[in-house]
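These notes concern the structure reproduced below.
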Amino acid sequence: MAVSNSEIAAVFERIADLLEIQGDNPFRIRAYRNAARTVQGLSRSLADMVAKDEALEELPTIGKDLAAKIREIVKTGSLRKLSQLESSVSPGMVNLLKVPGLGPKRLRKLRDYLNVHDLDTLEKAARQGRLRQVPGFGAKTEKNILRELQDLQLRTRRFLWAEVEDLAEQLVAYLRRQPGVKQVEMAGSYRRRRETVGDLDILVSASRGSGIMDAFIGFAAVERVISRGSTRSTVVLRTGLQVDLRVVPQVSFGAAWHYFTGSKAHNIAVRVMGIQRGWKVNEYGIFDKEGQRIAGRTEKEIYSLMGMEWIPPELREKRGELEAAAEGRLPRLIVEEDLRGDLHCHTTRSDGQDSLEAMARAARDLGHDYLAITEHSQHLRVAGGLTADELLAHCDAIDALNERMKGIRLLKGLEVDILEDGSLDMPDQVLQRLDICLGAIHSGFSLAADQQTERVIRAMDHPAFNVLAHPTARLMGRRAACALDMERIMDAALERGCYLELNAQPRRLDLNDVYCRMAKERGLKVALSTDAHSTGQLSYQRYGVAQARRGWLEKKDVLNTADLKHLLRALRR
DNA sequence: GCCGTTTTCGGCCCGACTGTTTTCAGTCG
């Protein structure tokens, strides 16, 4: 299959790493990193654009040279420039860049003085006390590096957003209770609602001498302190999660909140806009030529001075949000209240933990108008998949419950396995009885991309098929996404009147943000579903909504914002 | 390597903290 955008982005990142080790021009290195980010966030396939001979140079951060490199990668599957670089740098050096505190300059020094060229030689040199002999290094640096080497596995791990949610809320509540504290807010990728976070960024304004830093460092879950200053401190919690705290004056709070929310690329772009207007932008505000602060108290001030609407944090990835804000065409992002029901859940009849009735009541309590009951099919034996007869009996049970229960409509559904040949794991006449049919891949994850794509499209050919559940089948941190030609699948879904799911399970969040936007741009609606396996998980909609917002989705882009009547109509192909 | 409402050359975001220096380089976010 054609080279994916992610692969092209990885090539550029790799080149940037290697150039960095070589001590190349930092701006060239940044150009490669910027390009990698652009490529990663694109909602069209570059291979496709190359095939159609479109002008890649018109993409931001892609100039003549990088456009040629993209074409080379697409056409030959490799890049000569990368091969050349790989052969001139020891392969272990790139790993060394991941050690916190080690940048390209120190790295080169260690290589030149001690012949350090990978993690092993670094550790050996540090243990033997040889690092401290290198100019610019001392005993403390040596000790820190040894410690970082030990923690490397832990520190390079990213956490699921939902994994840190409780802790983040506790920490914010704890800080808000401290005397003299005026405002405490989460920033960083946590606030932007990225599906995973590498650390937490917290912003505080407090009166002078409030002792907020001591309080922060004294938080019960803190394991060690990395740095401690008067305005900024960094700690590591027992879970390995790093937390940064910044203290700023209230007049700067908006500027600081904006700055520490990021993303980095978004911030740099805003600063450049400031420079073009003759201002200086930093975390303390926007300053004119005389050094007078002309904005800073709120984020809205910052954006409005730049001639823009306030941009929701989920959009701040430098993927066109600044242009949209300047032109007043930011999307009106979906909110949880827009959802009218849930289209994917399980009960004890397959692998759920709660009964049909309990799930129905819980959904009604959440204000849902409808809930689709979608057990597994028999091919998925480990999850208690249903045979045809069992499904028919379950449909009867759902009908019966619908008779007696008011305030919510249960939809008869199924999460049917898409078998390796693209057929569905349930007889046609049984599928006909359903209100909604989700198809999902639960086996054969590693098929080649064109085979996998054909398999899915063949499944969608079935007239009963409505929604492709968790399309790539990824489990973050556990299983990679299936190789799929998502553009073809989306086009096929549109032609057939099918939909793709955004599965709200925190480890899935599948579709991801880029694919959500790709769907929106094609006019393909997304089904936002929890795949709840218990009553408590019905509230996972909030995770799905966050992902949808990152994908620029509005109410109209999501299938289950429709009322029951329109939903049922949309499910008739 | 990219980019242009000062510019097709000469810029490229900006500040905090640490550790090693003895006024600052390196790293990080």
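Order of the sequence lines fixes the chain letters, A, B, ..., with proteins taken first and strands second; residue numbering starts at 1 for each chain.
Of the candidates dC13(B), dG19(B), dT18(B), dG19(B) carries the atom nearest the N144(A) side chain, counting heavy atoms from C-beta on. Counting only heavy atoms from C-beta on, T231(A) has its side chain closest to dA16(B) among dA16(B), dG1(B), dT20(B).
Counting non-hydrogen atoms under 4.0 angstrom, Q242(A) reaches the backbone sugars and phosphates but no base. No contact: P135(A) has no heavy atom under 4.0 Å from any strand. Across all strands, K143(A) comes closer than 4.0 Å to no nucleic acid atom at all (heavy-atom distances). At a threshold of 4.0 angstrom between heavy atoms, the contacts of K280(A) are confined to the sugar-phosphate backbone, with no base atom among them. In this structure, A139(A) reaches the sugar-phosphate backbone alone: every heavy-atom distance under 4.0 Å involves primed, P, OP1 or OP2 atoms, never a base. Among the protein residues, P100(A) comes within range of the sugar-phosphate backbone only, with heavy atoms under 4.0 Å from sugar or phosphate atoms but none that close to a base. Counting any heavy atom pair closer than 4.0 Å across all strands shown, V99(A) reaches sugar-phosphate atoms only and no base atom. Residue V281(A) is classed as a sugar-phosphate contact, given heavy-atom separations below 4.0 Å to backbone atoms only. Among the heavy atoms of the strands lying under 4.0 Å from R28(A) is at least one base atom, whether or not backbone atoms are also near. Across all strands shown, T234(A) has no heavy atoms under 4.0 Å from either base or sugar-phosphate atoms.
As a whole-Å value, the separation of I286(A) CD1 from dC13(B) P is 16 Å. The nearest whole Å value for the distance from the CD1 atom in I29(A) to the P atom in dG1(B) is 11 Å. When the P atom of dG29(B) is taken as reference, atom CZ of R191(A) falls 20 Å away, rounded to whole Å. The CD atom of E142(A) sits 14 Å away from the C1' atom of dG19(B) (whole-angstrom rounding). In this structure, CZ of R108(A) is placed 14 Å from C1' of dT27(B), rounded to the nearest angstrom. R246(A) places its CZ atom 9 Å from the C1' atom of dG29(B), with the value rounded to the nearest Å. In this structure, Q276(A) places its CD atom 14 Å from C1' of dC2(B), rounding to the nearest Å. The separation between F137(A) atom CZ and dT21(B) atom C1' is 14 Å, rounded to whole Å.
When the C1' atom is used for both dT27(B) and dT21(B), the distance is 16 Å, rounded to whole Å. dT8(B) and dG15(B) have their P atoms separated by 28 Å, with the value rounded to a whole Å. Comparing the same atom, P, in dC28(B) and in dT22(B) gives a spacing of 23 Å after rounding to whole Å. Nucleotides dC12(B) and dT6(B) are separated by 16 Å at their P atoms, to the nearest Å. Separation of the C1' atoms belonging to dC14(B) and dC9(B) is 24 Å when rounded to the nearest angstrom. Between the P atoms of dT20(B) and dA16(B), the separation comes to 22 Å (whole Å). Remark: the separation of the C1' atoms in dC3(B) and dC13(B) is 16 Å, to the nearest Å.
With a 6.0 Å radius and a threshold of 12 heavy atoms from other residues, nucleotides or ligands, K182(A) has its NZ atom above the threshold. Around the CZ atom of F219(A), the shell of radius 6.0 Å holds more than 12 heavy atoms that belong to other residues, nucleotides or ligands.
In this structure, K109(A) does not reach the dG26(B) phosphate: none of its side-chain N or O atoms is under 4.0 Å from OP1 or OP2. The side chain of Y284(A) contributes an N or O atom lying less than 4.0 Å from OP1 or OP2 of dA16(B).
Salt bridge status for D510(A) with R474(A): absent, with no side-chain N to carboxylate O gap under 4.0 Å. We find that D151(A) and R157(A) are not joined by a salt bridge, their nearest charged nitrogen and carboxylate oxygen being 4.0 Å or further apart. Taking a cutoff of 4.0 Å between a charged side-chain nitrogen and a carboxylate oxygen, K124(A) and D120(A) do not qualify as a salt bridge. Comment: R550(A) engages E317(A) in a salt bridge, judged by a side-chain N to carboxylate O separation of less than 4.0 angstrom.
With S252(A) as the partner, the side chain to side chain donor-acceptor pair (under 3.5 Å) test is satisfied by one option alone out of R297(A), E283(A), R293(A): R293(A). Checking L149(A), V116(A), L110(A) one by one against L96(A), the side-chain contact (heavy atoms from CB on, under 4.5 Å) holds for a single residue, V116(A).
Nucleotides of DNA chain B nearest to T141(A) and E57(A) differ in position, and the one nearer the 5' end is that of E57(A). Comparing N282(A) and K140(A) against DNA chain B, the residue whose closest nucleotide sits nearer the 5' end is N282(A).
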At a cut-off of 3.5 Å, list every protein nitrogen or oxygen paired with a nitrogen or oxygen from nucleotides 22-25 of chain B, distance to 0.1 Å.
none

Pull out every protein N or O sitting under 3.5 Å from an N or O of nucleotides 7-12 of chain B, one pair per line with the distance.
| unit_1 | atom_1 | unit_2 | atom_2 | d |
| --- | --- | --- | --- | --- |
| dC12(B) | O3' | R30(A) | NH2 | 3.3 |

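When Watson-Crick and G-U wobble pairs are counted only if both distances are under 3.5 Å, dT8(B) pairs with no nucleotide at all.
With sequence neighbours excluded, no residue forms a side-chain hydrogen bond (donor to acceptor under 3.5 Å, both in side chains) with T141(A).
Taking the ring axis of W552(A) as reference, the NZ or CZ atom of R319(A) does not stay both within 45° of it and closer than 6.0 Å to the ring centre. Under the 6.0 Å distance and 45° angle rule, R28(A) does not count as a cation-pi partner of Y32(A).
One donor-acceptor pair, N or O on each side, does fall under 3.5 Å between the base of dG29(B) and the side chain of Y259(A).
Remark: the backbone N or O of Q84(A) is paired with a side-chain donor or acceptor of S87(A) at under 3.5 angstrom.
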